[in-house]
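Read through the structure below, which is laid out as structure tokens, and then see the notes.
All chains are named by letter (A, B, ...) in the order of the sequence lines, taking the proteins before the strands, and each is independently numbered beginning at 1. The figures that follow rest on heavy atoms only: side chains count, while hydrogens, waters and symmetry mates do not.
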Amino acid sequence: MTDRRQFLKAGAASGLALALAGRLPSAWARIEESARPPALGEKDRVVLAAIVPVMLDGALPATPAEREAAIGATVDGVGIAVAGLPNHSREELGELFMLLDLPLTRRLLAGVSRPWPEASHEDIAGFLQSWRTHRIGLLRSGYQALHELIMAAWYALPASWSAIQYPGPPKVG
Amino acid sequence: MSIRDPIREGLARGWKVTDASALERNLAIETDVVIVGTGAGGGVTAEILSAAGLDVVLVEEGALKSSSDFRMREAVAYPELYQESGARKTLDKAITILQGRSVGGSTTVNWTSSFRTPPATLAFWQSHFGLDDLSENALAPWFESMEKRLGIAPWTVPPNENNALLARGAEKIGIPSNHIRRNVRGCWNLGYCGMGCPTNAKQSMLVTTIPAALERGARLLTRTRVERLVVKNGRVEGLEARTLDAAGVTARAQRIAVRARHYVLSAGAIGSPAVLLRSGAPDPHRVLGARTFLHPTVVSAAVMEAPVNGYSGAPQTVYSDHFLERAPIDGPVGYKLEAPPLHPLLFGMTLPGLGETHAALMREFANTQALIALLRDGFHPDSRGGTVGLRDDGSPVLAYPLTGAIWDGVRRALLSMAEIQFAAGAKRVFPAHELAGGYASWKEARDGIERLPLEPLLTRVVSAHVMGGCGMAGDAKRGVVDSHGRHWQIANLSVHDGSVFPTSIGANPQLSIYGLTARSASVLAESLDGRVAPIG
């Protein structure tokens with residue numbers, strides 16, 4: 001509980017965010033139930049699958065099949081990373097994805113009017129660019145979390161290496 | 001050619017190592033000394049105490065991984081070998097903290113840079129913290145012995161291009177640079193030190209002091225998280241720990257209790273204060289967890305004409321202290337310049353921006369040179385560091401305010417790095433800042449950087465050096481421990497790690513921890529009636 005409060009207090013958005021949080025009792029209770037916050041859920045994956053191609057625009061392969069596979073592998077990579085994080089980080093990320101997933105906060109905080117799978121590239125890019133340099137530090141930290149998770153997941157994959165001329169680790173032994 | 005794995009060989013010989021993630025029942029242990037943490041402080045302490053004939057138990061939160069596991073893959077290394085998968089952050093998320101978490105602690109993953117504590121830092125400790133016995137001359141023999149023990153010597157192989165560019169750029173603008181000594185023996189010059197040394201060349205605690213202690217019968221518990229010390233009437237009466245799951249994240253039901261004559265905290269500058277806070281340790285002067293320092297570090301990337309291949313070759317072999325030496329130590333915040341290793345995951349995370357902007361810069365990865373500036377915090381009156389506190393679940397968190405004095409240093413550091421990079425032939429320079437779009441000339445960079453708004457979560461700030469929080473001082477009012485790491489209020493408790501520094505070091509801290517710990521551990525061994533043997 002405190003972690004959620006700390007996350008929400010951490011920036012100037014606390015008033016707005018806490019007011020919004022007050023409207024979400026069932027979702028909060030869902031997290032309360034288990035001692036270990038859930039890793040990435042199906043709804044979170046839907047949000048990510050929409051954000052990944054925008055965050056990685058210009059980096060993903062061009063052919064549709066390879067592109068889809070790369071997006072899927074990146075979302076999987078984020079899931080694996082989140083599963084290995086300590087509880088407090090998972091709770092905070094859970095809050096972030098909840099805010100992005102729920103229609104009201106998606107519209108109000110992210111400015112994305114349509115559900116994620118239908119949102120346009122421009123809308124999603126607008127959301128990311130807005131949070132990236134937002135005057136509210138909390139939203140900047142939300143953007144940075146997405147940036148870090150997605151960039152780490154993609155550039156961990158050997159599929160990303162040829163485009164950046166990284167030969168991979170040398171052979172030893 | 002196959003590489004020997006001294007850890008797996010030792011395990012096969014019967015070293016007493018318990019992976020607590022597989023424990024089926026509670027465990028109660030008695031020993032002379034229990035050491036919490038196996039990094040620079042814990043490793044040196046274990047070697048010295050076991051050599052003195054004392055019975056030692058080492059407790060480590062991370063796993064025991066060794067050269068056979070080190071495959072130079074970022075995706076594997078960061079979750080296995082780093083605190084919070086390499087994504088540990090300060091409370092406001094403005095600073096990312098790289099700290100090790102496996103047997104060997106940060107020494108298993110550091111970049112091998114070895115500096116003695118700078119004389120100016122020691123002089124400040126003497127004048128401001130009453131640490132009169134920590135003079136350059138008094139410490140010299142301790143540094144010398146640890147240098148010998150860990151193979152710390154000049155690195156005579158030519159620097160990789162990433163480091164050579166720092167030397168060339170600095171020379172062009174008339175700034176001195178120098179070579180960094182490294183703790184390696186038979187280094188292959190691969191460049192993957194941060195993912196665990198695959199050839200055992202790096203003389204980390206994992207392959208030196210800890211095997212020595214285990215060979216003498218010391219016991220090691222891994223995947224064990226220390227919850228608290230039981231403190232009564234100015235003494236520690238026991239240590240209570242939880243076993244962790246195989247992933248090292250979640251506590252299991254099985255508990256471990258250790259009773260010892262003496263307790264040593266070597267859990268690092270976030271972990272050690274946290275254990276004391278969870279234990280309700282006496283803190284009459286409100287100094288515990290305070291004055292925690294980071295060497296806040298900023299990054300500048302430059303695209304060069306020719307390949308740099310910053311992933312290849314020993315990292316951080318050239319440095320410049322020019323901007324540490326220009327002003328008094330408590331004047332405008334100075335910074336050390338170094339050239340880090342570049343690997344896709346960490347570099348991709350660190351580069352600001354997204355989409356095509358980010359992708360375009362990543363396509364220049366092979367031609368990218370990077371510099372880092374490590375700011376010397378804790379000396380300027382407006383740089384008092386951060387504070388370690390506890391979340392409701394008992395896990396530690398560092399609140400670190402980035403003050404005006406730090407931002408002033410950040411701006412000068414971004415300027416210095418851009419100037420050096422253009423002097424070295426950069427086509428474009430990109431300070432790691434969300435609003436710095438890249439500059440095509442030194443003049444453009446100078447104008448642009450002067451105008452950048454320096455704020456948390458716009459300017460990328462990282463740290464690999466957490467120091468302080470259990471500071472040393474010549475009296476109980478100003479510190480948690482004395483100059484030998486002995487707790488001022490708790491008789492049978494010492495702190496041996498970077499948390500004892502009363503300021504930052506102003507240099508990569510591993511050798512400072514080795515030297516001070518060797519001194520503290522030798523005194524401790526004598527006080528416990530051990531036979532002190534020379535190190536090295």
Side-chain angles (χ1 to χ4, degrees), chain A residues 1-3 5-7 10-11 35-36 54-60 77 80-90 92 125 128-129 132-134 137-158 160-161 163-170 172-173, chain B residues 1-3 67-68 71-75 78-79 84-87 89 91-94 96 188 190-192 195 198-199 247-250 307 311-312 343-349 351-360 362-367 391-393 395 397 434-435 455-458:
Chain A
M1 190 63 203
T2 298
D3 296 337
R5 260 185 272 139
Q6 274 177 344
F7 174 77
R36 177 85 176 126
V54 180
M55 187 73 88
L56 295 177
D57 188 25
L60 292 171
I80 292 166
V82 173
L85 290 174
N87 288 353
H88 63 87
S89 305
R90 275 170 64 159
E92 290 173 348
L128 292 172
Q129 292 291 4
R132 187 169 77 91
T133 57
H134 207 282
L138 182 73
L139 300 189
R140 295 205 297 275
S141 78
Y143 163 81
Q144 290 296 344
L146 294 171
H147 179 274
E148 179 171 292
L149 285 168
I150 293 171
M151 293 302 176
W154 170 239
Y155 287 106
L157 295 171
S160 71
W161 294 347
I164 63 170
Q165 293 150 58
Y166 172 62
V172 303
Chain B
M1 169 183 136
S2 91
I3 295 163
S67 54
S68 315
R71 299 296 170 84
M72 299 179 279
R73 289 288 293 266
E74 293 182 278
Y78 300 148
E84 306 183 25
S85 301
K89 301 263 191 297
L91 179 64
D92 65 357
K93 313 284 188 289
T96 300
W188 292 27
L190 296 173
Y192 287 74
M195 293 164 231
T199 67
V249 181
T250 308
Y311 50 83
S312 177
H343 295 284
L345 191 164
L346 197 55
F347 188 64
M349 260 169 57
L351 269 191
L354 71 147
E356 178 54 33
T357 314
H358 187 278
M362 287 304 291
R363 285 194 290 272
E364 304 280 6
F365 177 68
N367 282 32
R391 298 187 184 88
D392 270 8
D393 66 359
S395 66
V397 60
E434 293 295 346
L435 299 175
E455 287 172 35
L457 298 157
L458 284 182

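Proximity to chain A is absent for every atom of B:Ala94, based on heavy atoms less than 4.5 angstrom apart. If you measure heavy-atom distances from B:Leu190 to chain A, the contacts under 4.5 Å come from the side chain alone. Heavy atoms closer than 4.5 Å to chain A are found nowhere in B:Ala247, neither backbone nor side chain. B:Leu351 touches chain A through its backbone: at least one of N, CA, C or O sits under 4.5 Å from a heavy atom, while the side chain does not. Looking at B:Pro352, only its backbone comes within 4.5 Å of chain A, counting heavy atoms on both sides. Interface remark: A:Ala152 contributes backbone and side-chain atoms alike to the contact with chain B (heavy atom separation under 4.5 Å). With a threshold of 4.5 angstrom between heavy atoms, B:Thr96 approaches chain A through side-chain atoms but not through N, CA, C or O. If you measure heavy-atom distances from A:Trp161 to chain B, the contacts under 4.5 Å come from the side chain alone.
Counting heavy atoms from C-beta outward, A:Leu138 and B:Lys93 have side chains that stay 4.5 Å or more apart. At least one side-chain heavy atom of A:Pro167 sits under 4.5 Å from a side-chain heavy atom of B:Tyr311. For the pair A:Ser141 and B:Asp92, the minimum side-chain heavy-atom distance is 4.5 Å or more. With contacts defined as side-chain heavy-atom distances shorter than 4.5 Å, the pair A:Glu148/B:Lys89 qualifies. Proximity of A:Pro169 to B:His343: side-chain heavy atoms (C-beta onward) are nowhere separated by under 4.5 Å.
Across A:His88 and B:Ser395, no two heavy atoms sit closer than the pair CD2-OG, 3.8 Å. Taking each heavy atom of A:Gly137 and B:Leu457 in turn, the nearest pair found is O-CD1, 3.6 Å. Residues A:Tyr166 and B:Pro344 come closest through the heavy atom pair CD2-CG, 3.3 Å. Taking every heavy atom of both residues into account, B:Glu84 and A:Pro86 meet most closely at CG-CG, 3.6 Å. Closest heavy-atom contact between A:Thr133 and B:Leu458: CA-CD2, 3.9 Å.
The OG atom of B:Ser85 sits 10.0 Å away from atom CG of A:Leu149, with the distance rounded to the nearest 0.5 Å. With rounding to the nearest 0.5 angstrom, the CG atom of A:Asn87 is 10.0 Å from the CZ atom of B:Arg391. Atoms CD1 and CE, from A:Ile150 and B:Met349 in turn, are 13.0 Å apart once rounded to the nearest 0.5 Å.
Contacts with chain A were tallied for B:Ala359, B:Gly355, B:Ala75; B:Gly355 has the most, counting heavy-atom pairs under 4.5 Å. Of the residues considered (B:Glu455, B:Arg73, B:Met195, B:Arg71), B:Arg73 shows the highest number of contacts with chain A, using heavy-atom pairs under 4.5 Å.
Looking only at distances, no side-chain donor or acceptor of A:His147 sits under 3.5 Å from a matching main-chain atom of B:Leu354. Between the side chain of B:Arg363 and the main chain of A:Gln165, no donor-acceptor pair closer than 3.5 Å is present. Between the side chain of A:Arg140 and the backbone N or O of B:Pro456, at least one donor-acceptor pair lies under 3.5 Å.
For the 3.5 Å distance criterion, the side chains of A:Gln144 and B:Glu434 qualify, holding a donor opposite an acceptor.
The aromatic rings of B:His358 and A:Tyr155 are tilted relative to each other, their planes meeting at an angle between 30° and 60°.
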